[in-house]
Trainee: 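One structure follows; several queries about it will come next.
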Amino acid sequence: MTDAVLSVRNLVVEFPTRRGILRALDGISFDVGPGEILGVVGESGAGKSITGSAIIGLLDPPGRIAGGEIRLKGERIDNLPTERLNRIRGKRIGMVFQDPLTSLNPLFTVGQQLAETIQHHLRLGERESRQRAIDLLAEVGIPAPEARIDNYPHQFSGGMRQRVVIALALCAEPDFVIADEPTTALDVSVQAQVIQVFRRLCRERGTSAILITHDMGVIAEAADRVAVLYAGRIAEVGAVRDVLKRPLHPYTQGLMGSIPSLTGEGERLVQIPGAMPRLNAIPEGCAFNPRCPRVMDICRRERPPLIDADGACVTCWLYDERTEQPPAREAPAVGRPA
Amino acid sequence: AETLRWARSADNLTMDPHSQNSGPTHVFNHQIYEPLIIRDVDGSLRPTLATEWGISEDDDTVWEFTLREGVVFHNGNDFTAEDVAFSIERAQKPTSNMKELVASIREVEVVDDHTVRFHTDGPDPILIDKLTNLFMMDREWAEENNATEPQNFDAGEEHFAARNANGTGPYVLQQRVPDSRNVATLFEDYWGRDEFPLDITEILYTPITAAPTRVAALLSGEVDFVQDVPVQDIARLEQTAGVRVTRGPENRTIFLGMNVGDDQITHGTAEGNPFASREVREAINMAVDREAIQQVVMRGESQPLGTLAPPFINGYQEWMGEYPEVDLDRALELMEEAGYGDGFQVTLHCPNDRYVNDEGICQAVVGMLGRIGITTSLESRSLSIHFPSISNLETDFYLLGWGVPTFDSQYVFDFLYHCRRDGKGSWNATRLCDDEIDAMIAEIAGEGDLDARNEKIAAVWERVQEGIYYIPIHVQTIARAMGDHLDIPVHPENDFWAKDVAVNR
Amino acid sequence: MDVREKLVQRLSRRIYAGWDSDLAHSFRSSPVTIIAALVALTIILAAIFAPWIAPQNPFDPRQLNLMDGFTPPGQENPFTGNTFLLGSDGQGRDVFSAILYGARVSLFVGFFAVLFSLVLGVTLGLIAGYVGGRADAVIMRIADVQLTFPVILVALLIFGVARGFLPPQHREAMAVYVLIVAIGLSDWVQYARTVRGATMVQKSREYVAAARLIGRSPFAIMSRHVLPNVTEPILVIATISLALAIIAEATLSFLGVGVPPTQPSLGTLIRFGQGFLFSGEWWILLFPSLTLLALALSVNLLGDWLREALNPRLR
Amino acid sequence: MIAFVLRRLAQATLVLLIVGFVSFSMFRFIGDPINNMMGQEATLEQRAELARQLGLDQPFPVQFARFIARAATGDFGVSYRLGRPVMDLILERLPATLELALVSALLAFFVGVSLGVYTAIRPRGLASRFVMTASLVGVSLPTFLIGIGLIYVFAVELGWLPSFGRGQTVQIGGWSTGFLTQSGLASLVLPAITLALYQMTLIMRLVRAEMMEVLRSDYIKFARARGLPERRVNFRHALKNTMVPVITITGLQLGSIIAFAIVTETVFQWPGVGLLFITSVQFVDVPVMAAYLMLIGLVFVVINLVVDLLYYAVDPRLRVEGARGH
Amino acid sequence: MVGPAPADLVARREAASDSVVEVRGLVRDFDVSASWLHRTLSGEPRRVVKAVGGVSFDIRRGETLALVGESGSGKSTIAKMVVGLLPPTAGSIRIDGTDIWDPANAPKLRDLRRRFQMIFQDPFASLNPRWRVRDIIAEPLDVFGITRGRATRDRVGELLTTVKLTPEDGEKYPHQFSGGQRQRICIARALASEPEFLVCDEPTSALDVSVQAQILNLMRDLQDRLGLTYLFISHNLAVVRHMADRIGVLYLGGLAEVAPAKAMFRDPRHPYTRSLIDAIPDIDMTGRERTPITGEIPNPLDPPPGCTFHPRCPFARERCRREVPRAFAEASGALVACHGVEEGWVGQAPAGQKAV
Ligand SMILES: Nc1ncnc2c1ncn2[C@@H]1O[C@H](COP(=O)(O)OP(=O)(O)OP(=O)(O)O)[C@@H](O)[C@H]1O
Ligand SMILES: Nc1ncnc2c1ncn2[C@@H]1O[C@H](COP(=O)(O)OP(=O)(O)OP(=O)(O)O)[C@@H](O)[C@H]1O
Ligand SMILES: [Mg+2]
Ligand SMILES: [Mg+2]
């Protein structure tokens, strides 16, 4: 896809640790089209945040990109020197972190933090920056922005702080935004408000985005397409509707089944036995094979490739032509646990 | 104008001239106060505030002094016979530390402004020798400032004269910050302006406790003159360009004192008082290896000795200086005889900033005594604690050094052998109280005839040597180091007068 | 909450978080630490076994021969014919033996001073942190006051006080204990503060609530539940303050208020040795100084390593 | 704000009272003040009379109140050793110590903070590793050895700097300063370095640890993610946040410099209060010990107060929440 | 597995009233005032957080009552009071008819303690990292003197098996387990004293959905097998829907509505309940628009007068601003504290349709 705003190919991220090299991401590939919001879901530790950090070049040391490439509008942005990266960060790629409390420097006013970013990227004067900051605050729905701009972060409520963080990420009008669990720390009622603001701004500006979360509800509501990560690998990428309604990968199927539903009659939840492996103990072949109800021999031996199936991409041998039983899409029906 | 930057290990304890009879105190005070006469480097007496002196021909209990004319105190007052009378009386007060020296003076008679007569209890032929450190104060100044009694040093009294000085000496005290800085500048109206070189116009006296710092200060040229040069550094200093070292024996013996008088020692776990037994003392005397101390601790800078009398003084005889061979077997036998075959334990108190390698000597002694079963714990401390504890009888076993400014045995007897009474025996912490000895000492004091007197002195020596009341160790050699623009010879009393110093640049 | 308290809490949480880090591994992968451990261990063992290793007992004056004095390292003494590995000092003490015995004194003082302050500080810290309220306020105010006075000052004061109180004949024998108390007393605050902070963190953890739920007494909770969880910061502080205590002892001995000169610690040996700075008997100063440096440095390195190894976020 | 200051002042007073109590107890119970003052020959009546004069026959609290009242006016009695009012002795020596402490504190603070920041920013650099290791050597060497070493190298072998004392001082009012003469300044160098070294190491390590912690925090990551230049992130965002806790601890450390000066002053024969104190300890000169204790307590309290106010100024969270909040 | 309930226990269960837990007028205030000095100087009044303000409910035997509400609504505070970790400011909590906070009942409390237990939110924090799992589980056995020695070992093994771990796991330390396993260890510990009543404070909110499913299923199984009664606390409505028989909705320390689970989701009565259900993201892609509640959660230090929800309530009228609504029973069995519902001016619009 040449028109993709962001395209990630075979991304590998490694952490050298005391016990050897830890592969946190292992061959991740996806594209994000213009104006598109890609949801990234997965269990804790699946590598969602690492994906975001890798794109913006902020992997915690000693983490490093060990393979693959990341292109922003066709231009490679992995392994850029810091000064070049600094011109991309904030200006072309914005970032929103999970915790609005800790994302803001407690010792500077909200206005100072906004203005310095605007000044730096847009080369505006002090007064213009300030004015723009006020406008932005208004845009993300902070009431009385003129008054609040000189407040310190701790004087804001959680939801407002998260909106300030979004304003900060968007203040230089980037082409692309990465939002890493932007609402996890918030209450349900406020969560909806923040997601709305985020979605509205992306739509209005035609900004593409990656929305990282483990809340399927948020994905369902805000994303166009979704990528499911499992143990540092992509399990499935597809349109939101397809993936949520008719998941292909047994893992996705289990995941969807384990979410208690509002309409279901309080029946037993689908339960995937076991837990996601640690990164230093990923089994051979398909990472999901020990937990998979439909495991085949090949799954224990070979890693499944990314397979195009029904307009979505899935890494599962079930959908490989070479395997004997080509299955159709089916409703989540992973066997009930014993 | 030339500043003499002068350092030694300890500060002078007080400016009050009669409060402490200690070397470092006197040496500094000599620059500011003056006695009637001083003892020169060669041991002779040199007229200072007195120009003439002598025993009256008619009465051998009278000394007559003719005072120097035209002498003024730093405050401008004239120095007169009144002041002499006042100073002597002051030195006789109970709080004085000089009272033994003037104990024999019954009365000071002011004949005229420049003549005084001292009337003594019986003849005192060596009175003059005792006056070399007896400084003259201005009566008026003392009275004005409520300083007519010497500072009671041991009681830590606040005292005007302890911090201020008004002497007749060549230098005027400008600043005194105890422990750190004493400044004195040339006195414009000094009587001896034309008599002495007086090249030095300012004296900056600093105590530097740490020996390496002191030596370093000289090597780096920050001080011009260092007393108490550590023996181990003499060689290095002698080889250093631009540094001159002078040395010579000091008129001072270093010895151990013991509590021989009490029934029970308090600083140890012995049953009773082992030191009361002559056998024990003899054993100790045999166990102390003076030659080893000389060779190692003193690096040869001492002369082992078997008596408290320095060889300089009147009354010293060859036989006294001899000391017993080290004989541990015999010593152990003696201990056995005394009933201390299993040994005993005692604390040795030792100064660590007064005499040459004092702490080292004590440590060596501890080892030597260990071999005859005496377990000694060593407590070393600053002279400023050590000396009061000796005068307060707070020690059973101690190291002390005794200089003899009078160059006469009587000085030793009065201070170290006489019982603590009648204003005598103030440095005798042995609790020795022997009426016979005291009587013998008293007889010397009364003897006008020098030969007869010397016989009496010899008798006392015989008696006290026999008693082994102290364990003499040695006479120490002292070394002074200075920049080579100076040449300050060693004085047997470790005295020194800045006014005599000629500077050769 | 006081900002400083918050800070302490954060620091202790940071240290705490490291309980499952792989100590052994990080140890093996740090050559500096291994060397430090070896050095520290050698000195400590040598000190403990000094009576069996040392050719001479330098504390026994009877074994000293003054004539051995000032023998250079490895050379023969012209009078006695003895040779000494690291030379001998002015009292004829074998410098090597003196170092071993001196390290023994230093380590003894250091170890028990640390133990003393540890027990005191941990107890008070646990009480302050767990009981809170008035007990906390009182303990922490006392700690504030104590913090005013650094080790040396407190130790000097206690020394002064002890000198005033103790009967003179016991001063010598008690000197080592006075040192222990003096150094120990000045150091408890660190433990108390850290343990208090860590305790407050632990107290808010749900396992403590679970223990309360089944009716366990505060004492049981403090000793069985909280205490094992605050050991890492205690260990780190203890290691580092062992080095500090050794140096404090040396400094006090240097200032002349330490152990008696006939039973020299490393600090006292250095005090003696510095007199020979210019005179050519370099070994009397150099070897004890090197030993002290090696001991303190290796213990400090170990403490540093422990601190980092127990803190997963630093790796 | 007022409440904050008042609370701090109240705490400070409490601290001083406790310190006062310790000093007073020392005064009262170590040695016998009467013996110390009168010598041994005094009669029983004289003793009783002196006891009455000194108020020693009063109940303990009254004595303590009097002691505090007199201490508040700077009256600590007379030194047993030097026979002079303790306050005079201390005031005489205070300038020396304060000047030394000030220079050391500045040195320790600026060098310590710079090195700390440097090693935090480049934790893996060769220079950082060297500095970190060297700093451990710094805390492992007793101050007195450092002092002796410096004297040996710079005063004796090289002869560049003086080895002891304050050099020439100039009297300005009651203050004698060594800042105005060349020898005074030269004399400061070695002791100041000796005294500063240990604190410098501590500050450096503290700054480094805090800074590294801050650099890992989310807001720094977020600042980076906004593309702010490295310098701005390190020196504006990170440093300011680092300084908040560092100020407190550093403040306390610097406060103890004065007390630490005891050793340095001994080695360099620096005529300050530390030297006075150490001699007093050897002499059991209780009035001086007590006064020194109070002095250190006061210095600590003042520094603490200043640090708290600084803290208050730097951290907006405190300003808004009021004095203390949960 | 958990052994069969002892005979006397069964008897007691039979004998007791239908309610295991009766909570009446429970109030808890937290004093968060500034220091005395500060207040005096600035003339500020005392500041008190009314974390829980007069909450009453019953939990019937074998039933699961869930409490939902936003952060700070007082869920955990209630839980802590119910299990006796936090004393209430006012009101009473009776478990099997015994008021657990009545000092007169202190002697009985030890025995009573066996009968209720708690499972905490964070499985990482609720296990002592320094203890082996077997010691952790054995602690209640020891303290209550239930078993000794070998019997304890066996019982621990049984309990581990009950929660689908193996007895060998007892030798390990908590950090050697995953989050879900750790939560199971917590459950095993809670079951050790054979309680009848379990308080679960957000037991799965720290876990991933797939693990959450394991725990929720396990809890349901245990309930079926052992006849446990749960007070289940969560802010996740879907989870609550899945677990609860009845649901209480908390807002700012007060119960807005208590209703049977199905009824509540079918027909939420209180406007706050409605907006909560509206705010749930629609995972089922029904095309429903999410309508977030407007406004911010009010400051608990300064709660609005009258009905605390009125500033955010689309139906608010004058009365709501003045008068605190009292709970009244609806025909459906729901207890609702709302003037609008009581007076009928809050529309009967079903959830999902915007009611502004
Ligand atoms: N600094 C690091 N050092 C070593 N491993 C790391 C580091 N940071 C992350 N990892 C590993 O990378 C994996 C992916 O982490 P990541 O933060 O991307 O997970 P996530 O999917 O965002 O999880 P969560 O939902 O908990 O945020 C984790 O298993 C973690 O162990
Ligand atoms: N110890 C305390 N001191 C002061 N206020 C407290 C304390 N504990 C709780 N509160 C306050 O009481 C209110 C209710 O708190 P509680 O913890 O019960 O809420 P919650 O519903 O459990 O929230 P969450 O979902 O965040 O756990 C909150 O406003 C909280 O700030
Ligand atoms: Mg993440
Ligand atoms: Mg809660």
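These figures come from a predicted structure and were not determined experimentally. Throughout, a chain's letter reflects where its sequence line sits, starting with A, and its residues are numbered from 1.
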Trainee: C/Ala250 versus chain D, heavy atoms under 4.5 Å apart: side chain, backbone, both or neither?
Mentor: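 Both backbone and side chain.
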
Trainee: Considering only heavy atoms and a distance below 4.5 Å, find which of C/Asn300, C/Ile270, C/Val32 pairs most often with chain D.
Mentor: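 Going by pairs under 4.5 Å, I would pick C/Asn300.
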
Trainee: First locate atom CG of C/Leu285, then atom CG of D/Leu145, and finally report the distance between them rounded to the nearest 0.5 Å.
Mentor: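 Reported value, rounded in 0.5 Å steps: 6.5 Å.
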
Trainee: Please find the pair of heavy atoms, one from D/Ser140 and one from C/Ala296, that lie closest to each other, and give the distance.
Mentor: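 Heavy atoms only, the tightest pair is O-CB, 3.4 Å.
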
Trainee: Do you know which of D/Val267, D/Val137, D/Val299 has the most heavy-atom pairs with chain C at a distance under 4.5 angstrom?
Mentor: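 Option with the top pair count is D/Val137.
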
Trainee: For the side chain to side chain contact (heavy atoms under 4.5 Å, CB included) test, which of C/Ile247, C/Leu292, C/Leu293, C/Leu297 pairs with D/Leu141?
Mentor: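 It is C/Leu293, the one option of C/Ile247, C/Leu292, C/Leu293, C/Leu297 that forms the side chain to side chain contact (heavy atoms under 4.5 Å, CB included) with D/Leu141.
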
Trainee: For the CG atom of C/Asp304 and the CZ atom of D/Arg205, what is their distance to the nearest 0.5 Å?
Mentor: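 One finds 4.0 Å between CG of C/Asp304 and CZ of D/Arg205.
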
Trainee: Verify the neighbour count for atom CG of D/Leu158: are there more than 12 heavy atoms of other residues, nucleotides or ligands below 6.0 Å?
Mentor: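 For D/Leu158, atom CG is crowded (more than 12 foreign heavy atoms under 6.0 Å).
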
Trainee: Side chain, backbone, both or neither: which part of D/Leu16 has a heavy atom under 4.5 Å from chain C?
Mentor: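 Contact with chain C involves no heavy atom of D/Leu16 at all.
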
Trainee: Counting only non-hydrogen atoms closer than 4.5 Å, does C/Leu244 touch chain D with its backbone (N, CA, C, O), its side chain (CB onward), both, or neither?
Mentor: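 Just its side chain gets close to chain D.
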
Trainee: Are D/Thr143 and C/Thr251 packed together at the side-chain level, in the sense that at least one heavy-atom pair is separated by less than 4.5 angstrom?
Mentor: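 Not touching, per the 4.5 Å side-chain cut-off.
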
Trainee: Side chain, backbone, both or neither: which part of D/Leu136 has a non-hydrogen atom closer than 4.5 Å to chain C?
Mentor: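 D/Leu136 touches chain C through backbone and side-chain heavy atoms alike.
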
